Structure formats: C-alpha cells, structure tokens
Colleague: 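Okay, here's the structure, questions in a sec.
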Amino acid sequence: MFRRAARLLVSLVMLLAAAFAGTVATAGTAHADGCYTWTRTLSQGASGADVTQLQIRLSGYPGYGAVLAVDGSFGPATAAALKRFQSAYGLTADGIAGPATYSKLYALQDDDCTPVHFSYSELNRCNSTWSGGAVSAATAKANALRTMWKLEALRHALGDKPITVTSGFRSHACNDAVGGASGSRHLYGDAADLGAGPHSLCTLAKQARYHGFRGILGPGYPGHNDHTHVDHRSSQFWSASGCGI
C-alpha cells in the first residue's frame with residue numbers, strides 16, 4: 001500500500017513538473033513587444049485587429065502599382081504582400097504569419113510602432129499635435145504611420161541605405177507658409193517629400209511604384225526637380241517625366 005502511494009506521489013510530482021516546464025517553455029518563447037504583440041498565427045480567412053496591425057506593416061509590399069487595403073480581413077492580396085515581405089527578408093514565403101514573420105516585424109519596429117529607420121518627428125516638422133490639416137490629428141498621424149512603413153519597404157528594396165524625408169505632414173498654416181497646393185496631400189499626413197542622397201531622385205521615384213504609393217511626382221513635374229514626392233491619394237497619378245515616368 002505504501003509503495004503504491006509512493007508511486008502515485010512520484011507520478012503526480014512528475015506530471016506537475018512537466019506541466020510547469022511546459023508553462024515556462026511557452027512563456028520563454030512568447031514575445032512581449034513594446035508596440036504590439038501578435039498572439040496567433042494568421043493566414044487567409046483570418047480577420048480582426050491583429051490582421052489590421054499586420055496589414056499596416058505590409059503596406060509597402062502590395063506589388064507594382066497596387067495598394068494594400070488595411071481592412072482587418074486577410075485575403076489573397078494580404079497573403080501576396082506577406083509573401084513579398086517574407087521573401088525580401090529571407091524568410092519562408094508561405095503567406096502565413098507566424099513566429100518567424102513576427103520576429104522580423106518586432107525587429108523592424110520601435111516601441112511607438114514606427115519602423116526603426118523613420119520617426120513621427122521626421123514625418124511632422126510642422127507641429128507636435130498633428131492638428132490643423134485636412135483631417136483629424138489622429139487620422140493624419142495614422143496616415144503618416146502607414147507612409148513610414150511604405151518608406152521602410154522602399155528603403156530595404158534599395159539596399160537599406162538612408163532615405164531623407166524633407167517634408168511630411170503640414171497644417172494649413174504650414175502648407176501656406178511653404179506655398180503648398182491648396183489640396184496638398186501633406187495636409188492629410190500621407191505624403192512625404194524625399195531628397196536626394198545615396199539614391200537619385202529618379203531611383204526613388206521608380207522604386208516607389210512597387211511600394212503602395214498612388215501619387216508619385218518627381219523630376220520633370222513642375223516644382224519637383226529638387227525632390228521626389230510620394231503620397232496615398234484616391235487614384236493613381238505618377239508624373240516624373242525626367243525619370244521616364
């Protein structure tokens with residue numbers, strides 16, 4: 001009787017130890033990110049806020065001339081964008097967002113959700129509140145975040161060399177002060193002017209066609225010989241005749 005009880009006690013201890021070890025292993029592999037942490041694998045058919053967060057970070061991978069919808073619904077376009085992202089970073093391009101994909105995304109984002117190579121201050125030299133534009137401050141800031149993730153994709157495609165943003169969000173007052181167009185996309189927070197640096201303005205304009213920008217204006221377009229402008233307008237308009245666009 002004593003031996004049976006002893007065996008049962010040992011078995012119970014072993015089960016508890018295994019359960020504890022499993023819990024520790026799970027906790028050890030979980031990633032708590034300062035910005036956002038995904039808690040499930042995502043693939044076609046999924047929907048929800050976690051899909052929306054993924055789509056924001058995939059905004060720069062829609063393919064030539066396309067724009068990825070940020071709607072919280074994981075469809076074929078999101079799967080295709082995810083495959084492009086995975087391929088760009090040497091991951092298995094299966095269109096399924098799991099630990100390897102999330103680890104790369106965590107490495108690419110700062111705690112405020114901006115990509116590591118761009119910042120809110122870089123996209124807004126007008127004011128600190130994002131107010132006074134053509135949309136609410138929250139919308140302007142959200143638009144700028146999507147723009148930054150597109151720029152991060154553009155930067156990576158061009159060899160991870162720096163891209164200089166010379167102008168981003170503008171309030172009406174800031175836009176008037178620099179002589180901007182009355183309907184400028186800068187007022188919406190979804191535009192960025194890029195200066196020459198490691199890459200020519202034409203290189204930036206040509207590559208931007210692959211990264212979700214509906215608006216691209218560059219050398220050859222009036223007033224744009226010293227920068228390349230990219231934005232997220234409602235319909236496609238590309239004009240940089242000096243670059244063959």
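Given the structure is predicted, the values throughout are model-derived calculations rather than measurements. Residue numbers run from 1 in the order of the sequence given.
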Colleague: Using modelled atom types and a 3.5 Å cut-off, is there a donor and acceptor pairing between side-chain atoms of Thr228 and backbone atoms of Leu201?
Modeller: yes

Colleague: For Pro99, enumerate each residue passing the side-chain contact (heavy atoms from CB on, under 4.5 Å) test, keeping only those at least two apart in sequence or located in another chain.
Modeller: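 Here no residue qualifies.
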
Colleague: Side chains of Asn127 and Ser171, heavy atoms from C-beta outward: is any pair under 4.5 Å?
Modeller: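 With C-beta onward as the side chain, the pair touches.
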
Colleague: If hydrophobic residues (ILVMFWY) are linked whenever their side-chain heavy atoms come closer than 4.5 Å, directly or via other members, who joins Leu217 in its cluster?
Modeller: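 Other cluster members: Tyr221, Phe237.
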
Colleague: Got a donor-acceptor contact below 3.5 angstrom from the Trp238 side chain to the Phe213 backbone?
Modeller: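 Yes, Trp238 side chain to Phe213 backbone: donor-acceptor pair under 3.5 Å.
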
Colleague: Keeping the roles fixed (side chain from His211, backbone from Tyr61), state whether a donor-acceptor pair exists under 3.5 Å.
Modeller: no

Colleague: In the hydrophobic clustering that connects Ile, Leu, Val, Met, Phe, Trp and Tyr at side-chain heavy-atom distances below 4.5 Å, which members other than Val135 occupy its cluster, ordered by chain and number?
Modeller: Leu187, Tyr188

Colleague: Indicate the atoms forming the closest heavy-atom contact of Gly220 with Asn225, along with that distance.
Modeller: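 Reported closest heavy-atom pair: N-OD1, 2.8 Å.
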
Colleague: Please find the pair of heavy atoms, one from Ser73 and one from Asp71, that lie closest to each other, and give the distance.
Modeller: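 That would be N-OD1, 3.0 Å.
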
Colleague: Provide the closest heavy-atom pair for Ala191 versus His229 in the form atom of the first, atom of the second, distance.
Modeller: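 Between these two residues, the closest heavy atoms are CB-CE1, 3.6 Å.
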
Colleague: Report yes if the side chains of Thr78 and Leu68 come closer than 4.5 Å at any heavy-atom pair, otherwise no.
Modeller: yes

Colleague: Output all residues satisfying side-chain hydrogen bond (donor to acceptor under 3.5 Å, both in side chains) with Thr41, sequence neighbours left out; order by chain, then residue number.
Modeller: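 Per chain and number, Thr41 pairs via side-chain hydrogen bond (donor to acceptor under 3.5 Å, both in side chains) with no residue.
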
Colleague: Give a yes or no answer on whether the side chain of Ser184 reaches the backbone of Gly180 with a donor-acceptor pair at less than 3.5 Å.
Modeller: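 Looks like no, no N/O pair under 3.5 Å.
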
Colleague: State whether the side chain of Arg84 and the backbone N or O of Pro62 hold a donor-acceptor pair below 3.5 Å, judged by distance alone.
Modeller: yes

Colleague: Under 4.5 Å between side-chain heavy atoms, chaining through other members, with only Ile, Leu, Val, Met, Phe, Trp and Tyr counted: pull out the rest of the cluster around Val178, sorted by chain and number.
Modeller: none

Colleague: Could you tell me if Thr101 and Gln86 have a donor-acceptor pair between their side chains, going purely by distance under 3.5 Å?
Modeller: yes

Colleague: Nearest 0.5 Å, what's the CG-NE2 distance between Leu151 and His156?
Modeller: 14.5 Å

Colleague: side-chain contact (heavy atoms from CB on, under 4.5 Å) between His186 and Asp193: does it pass, once the steps are laid out?
Modeller: CA-CA 9 Å; His186 291 279; Asp193 290 345; 3.2 Å; yes

Colleague: Using side-chain heavy atoms (C-beta onward) and a distance below 4.5 Å, is Thr139 in contact with Trp130?
Modeller: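 No, too far: nothing below the 4.5 Å cut-off.
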
Colleague: For the OG atom of Ser119 and the CG atom of Asn124, what is their distance to the nearest 0.5 Å?
Modeller: 10.0 Å

Colleague: Quick one: does Ser200's side chain have a donor or acceptor within less than 3.5 Å of a partner on Ala196's backbone?
Modeller: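 Between the backbone of Ala196 and the side chain of Ser200 there is no qualifying donor-acceptor contact (under 3.5 Å).
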
Colleague: Taking Leu158's backbone N and O only, do any of them form a donor-acceptor pair with Gln207's side chain (distance below 3.5 Å, no angle check)?
Modeller: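 Between the backbone of Leu158 and the side chain of Gln207 there is no qualifying donor-acceptor contact (under 3.5 Å).
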
Colleague: Is it the case that the side chain of His224 and the backbone of Pro222 share a donor-acceptor pair, with hydrogens and angles ignored and the cut-off at 3.5 Å?
Modeller: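 Checked: pair present.
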
Colleague: Verify, without hydrogens or angle tests, whether Tyr102 (side chain) and Ala97 (backbone) share a donor-acceptor contact under 3.5 angstrom.
Modeller: yes

Colleague: Pair Arg214, Asp231 - check salt bridge (charged side-chain N to carboxylate O under 4.0 Å, His left out), show working.
Modeller: CA-CA 6 Å; Arg214 286 198 181 104; Asp231 67 48; over 6 Å; no

Colleague: Do Leu105 and Phe85 pass the side-chain contact (heavy atoms from CB on, under 4.5 Å) test, and can you show the C-alpha distance, the side-chain angles, and the key distance before you say yes or no?
Modeller: CA-CA 10 Å; Leu105 289 174; Phe85 170 84; 3.5 Å; yes

Colleague: For a 4.5 angstrom cut-off between non-hydrogen side-chain atoms, does Gln109 reach Asp33?
Modeller: yes

Colleague: Taking all non-hydrogen atoms of both residues into account, name the closest pair between Arg125 and Ser167 and its distance.
Modeller: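 Residues Arg125 and Ser167, closest heavy atoms: NH1-N, 4.2 Å.
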
Colleague: Considering all heavy atoms of both residues, which atom of Thr129 and which atom of Ala137 are nearest to each other, and what is their separation?
Modeller: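 Heavy-atom minimum between the residues: O-CB, 3.3 Å.
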
Colleague: I'd like to know if the side chain of Asn175 and the backbone of Ala181 have a donor-acceptor N/O pair within less than 3.5 Å.
Modeller: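 Here the side-chain-to-backbone pair exists.
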
Colleague: Does any non-hydrogen side-chain atom of Leu42 lie less than 4.5 Å from one of Leu54?
Modeller: yes

Colleague: Considering only residues two or more places apart or on different chains, which pairs with a residue in residues 142-152 satisfy side-chain hydrogen bond (donor to acceptor under 3.5 Å, both in side chains)?
Modeller: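 Sorted result for residues 142-152: His117-Glu152, Lys150-His232.
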
Colleague: Identify the heavy atoms of Pro219 and Cys202 that sit nearest to each other, and give their distance.
Modeller: CG-SG, 4.3 Å

Colleague: Is the closest side-chain heavy-atom distance between Arg155 and Pro162 below 4.5 Å?
Modeller: yes

Colleague: Measure from NZ or CZ of Lys141 to the centre of the six-membered ring of Tyr120, then state whether that distance is under 6.0 Å and the direction lies within 45° of the axis.
Modeller: yes

Colleague: Should Asp94 and Thr92 be marked as a side-chain hydrogen bond (donor to acceptor under 3.5 Å, both in side chains) after you check the CA-CA gap, both sets of side-chain angles, and the distance that decides it?
Modeller: CA-CA 6 Å; Asp94 56 8; Thr92 299; 5.8 Å; no

